[in-house]
Protein chains: 2
Amino acid sequence: MSLKHGLLGLLNYGSMTGYELDKAFKASLSFFWQAKTSQIYRELAAMEGQGWLTSQRVIQSEKPNKRVYTITKDGKEELTTWLSSPEGDIKDAMGVRSAFLMRVFFAGETSTKQSLEMLYAYRQKCLESKTGLGGAYDAISEYGGIVGDERKAKYWQIAALYGDAFFEAGLNWADKAIDLLKEEMGE
Amino acid sequence: MSLKHGLLGLLNYGSMTGYELDKAFKASLSFFWQAKTSQIYRELAAMEGQGWLTSQRVIQSEKPNKRVYTITKDGKEELTTWLSSPEGDIKDAMGVRSAFLMRVFFAGETSTKQSLEMLYAYRQKCLESKTGLGGAYDAISEYGGIVGDERKAKYWQIAALYGDAFFEAGLNWADKAIDLLKEEMGE
DNA sequence: GTTTTATATTATACTTGTTGAATATTACTT
DNA sequence: AAGTAATATTCAACAAGTATAATATAAAAC
């Protein structure tokens, strides 16, 4: 249900259209939760059905008409309730779901050379992703400055720091794995 | 499609029933891919339909009848093809999907005390998970020894090492985050 | 002036994963 | 003798995510 709660969280900052939410989601939450445009619109409709949101149609002459969503009292309550029961998500956070690791598990069926190439490619992506986080930090401090809410920005920063730790761990793991495989080739 | 490929990988080691696959999956692959029993049976049926597997019914008098699945030539080809095109999964591995991080992102809506509690709970789970990996290492070296396939066991070990790196990273990140929040309280 | 970009939403089919229970047999435990 | 665990599979309903493309308007770029 996390997409719904992510949308609730964003709408709690202010009313938005599906289009704006899609962009806001992709600009902020997409680092740890990905969603397609069509899914966002579908969930918004479902959330309105649940009474968490209301919407008003806004007729525009210059642009296509739009629908602005606003969080309701029920929606705010739901957000608060969700935020105060993190147990399940903490447990889930201990679980990895990675097709890449499944490949590693079965990589013994391929050549050591092929496995090494895969690990080098992974290592490289970790580096790139880590570098790419710089932009996220800039965006956060900038937005935090504009909004003037340093406290909120601190949590955004902490979430972004996770990315750094995650990619750094991937990098170190890949180096260790590469060493183990090179050992094998050297023999 | 990774569940299918995980099952193919296991069946490549030898023919098995759905029941045995379910246990084998949960004993080995479940660290990085979780699947329910009912899903495994459903995928097996689909894979047979795709021609990746064949099955034979085995009538037992002592126990309920069973269906033994065997990988076909097509299935082995599919496994090989999959193993030799890791690009997509490497990219996916850069993506986090974590409801927990979404909570962190929105934690500014709750009290610092509540956020700290959440982070402490997360930290504790990381510790427990890291400790729990000891069993996985034992199982791998034991199984590797029995099967006598040191090369395969090396990849299993590498996959398990990822868990270690992942939980360690989570631990360090949590410590950093806790420090940042304590700073806030101290002021 | 025609293509591209941005705005804004909707539709539909499909695949994957979750939940939970029903069914049936034998062995082991108390 | 009754209850629980282990073996073994199936089913049905649902929830969530993926893939893709159709539709429509206006501004901006070339």
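In this text, all values refer to a predicted model and were calculated from it rather than measured experimentally. In what follows, chains are A, B, ... by sequence order, proteins preceding strands, each numbered from 1.
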S.K.: Should B:Met94 and A:Glu128 count as side-chain neighbours, where that means a heavy-atom distance under 4.5 Å?
M.R.: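 SC-SC contact between B:Met94 and A:Glu128 ruled out.
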S.K.: Salt bridge or not for B:Lys154 and B:Glu150, using N-O below 4.0 Å?
M.R.: no
S.K.: Atom CE of B:Met1 and atom P of C:dT16: how far apart are they, to the nearest Å?
M.R.: 6 Å
S.K.: Within this structure, what is the NZ-to-C1' distance between B:Lys66 and C:dT25, rounded to whole angstrom?
M.R.: 14 Å
S.K.: If the sugar-phosphate is the primed atoms plus P, OP1 and OP2 and the base is the rest, what is the B/S/- string for nucleotides 19-24 of chain C, using protein heavy atoms under 4.0 Å?
M.R.: BB---B
S.K.: Yes or no on salt bridge (Lys or Arg N to Asp or Glu O under 4.0 Å) for A:Glu109 and B:Lys152, after CA distance, side-chain angles and deciding distance?
M.R.: CA-CA 8 Å; A:Glu109 304 303 314; B:Lys152 277 176 192 169; 3.5 Å; yes
S.K.: Parallel, tilted or perpendicular, judged at 30° and 60°: which one describes the rings of B:Phe105 and A:Trp156?
M.R.: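 Parallel.
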S.K.: Just wondering, do B:Asn65 and B:Val58 contact through their side chains at under 4.5 Å, heavy atoms?
M.R.: no
S.K.: For the helix from C:dG1-D:dC30 to C:dT30-D:dA1, figure out the bend between the end axes, five pairs an end, and round to 10 degrees.
M.R.: 30°
S.K.: Does the side chain of B:Leu133 come within less than 4.5 Å of B:Leu161's, by heavy atoms?
M.R.: no
S.K.: Rounded to the Å, how far apart are B:Lys4 NZ and C:dT15 C1'?
M.R.: 8 Å
S.K.: Round to the nearest Å and state the distance from B:Gln50 atom CD to C:dT16 atom C1'.
M.R.: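 To the nearest whole Å, that distance equals 13 Å.
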S.K.: Assess the pair B:Trp33 and B:Phe25: is the distance between their ring centroids shorter than 6.0 Å?
M.R.: no
S.K.: With a 4.5 Å heavy-atom cut-off, do A:Lys26 and A:Thr37 have their side chains touching?
M.R.: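 Counting from C-beta outward, A:Lys26 and A:Thr37 do come under 4.5 Å.
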S.K.: Has A:Tyr41 got a side-chain N or O lying under 4.0 Å from the OP1 or OP2 atom of C:dT9?
M.R.: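 True: A:Tyr41 side-chain N/O within range (under 4.0 Å) of C:dT9 OP1/OP2.
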S.K.: What is the distance from CD of B:Gln34 to P of C:dG17, rounded to the nearest Å?
M.R.: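 The answer, rounded to whole Å, is 10 Å.
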S.K.: Does the side chain of B:Phe100 reach to within under 4.5 Å of the side chain of A:Asp92, using non-hydrogen atoms?
M.R.: no
S.K.: I'd like to know if the side chain of B:Thr112 pairs up with that of B:Lys182 as donor and acceptor (distance under 3.5 Å, no hydrogens or angles considered).
M.R.: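 The criterion, which ignores hydrogens and geometry beyond distance, is not satisfied for B:Lys182 and B:Thr112.
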S.K.: Counting any heavy atom closer than 4.0 Å, what does B:Arg42 reach on the DNA or RNA strands: base, sugar-phosphate only, or nothing?
M.R.: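 It contacts base atoms.
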S.K.: Which nucleotide of DNA chain D is the first, and which the last, in the 5' to 3' direction, to come under 4.0 Å of a heavy atom belonging to chain A?
M.R.: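 Both ends considered, the range comes out as D:dA16 to D:dA26.
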S.K.: Less than 4.5 Å apart, any side-chain heavy atom of A:Glu77 and any of A:Lys73?
M.R.: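 They are in contact (side-chain heavy atoms under 4.5 Å apart), so the answer is yes.
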S.K.: Before we go on, tell me: are the rings of B:Tyr122 and B:Trp173 under 6.0 Å apart, centre to centre?
M.R.: yes
S.K.: Within residues 8-33 of chain B, which residues have any heavy atom lying less than 4.0 Å from an atom of DNA chain C?
M.R.: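 Heavy-atom cutoff 4.0 Å gives B:Trp33.
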S.K.: Report the C-alpha separation of B:Lys76 and B:Thr72 in whole Å, then their side-chain angles, then the decisive distance to 0.1 Å, and conclude whether the side chain to side chain contact (heavy atoms under 4.5 Å, CB included) test is met.
M.R.: CA-CA 6 Å; B:Lys76 286 193 184 199; B:Thr72 61; over 6 Å; no
S.K.: Just say parallel, tilted or perpendicular for the rings of A:Trp82 and B:Phe106, cut-offs at 30° and 60°.
M.R.: perpendicular
S.K.: Under the salt bridge (charged side-chain N to carboxylate O under 4.0 Å, His left out) definition, can you give me all pairs with a residue in residues 30-48 of chain B, not counting sequence neighbours?
M.R.: B:Lys4-B:Glu43
S.K.: For DNA chain D, what residues of residues 84-103 of chain B have any heavy atom nearer than 4.0 Å?
M.R.: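 Heavy-atom cutoff 4.0 Å gives B:Arg97.
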S.K.: So B:Tyr155 and A:Ser115, side chain to side chain donor-acceptor pair (under 3.5 Å) or not? Walk me through it.
M.R.: CA-CA 9 Å; B:Tyr155 287 96; A:Ser115 302; 3.1 Å; yes
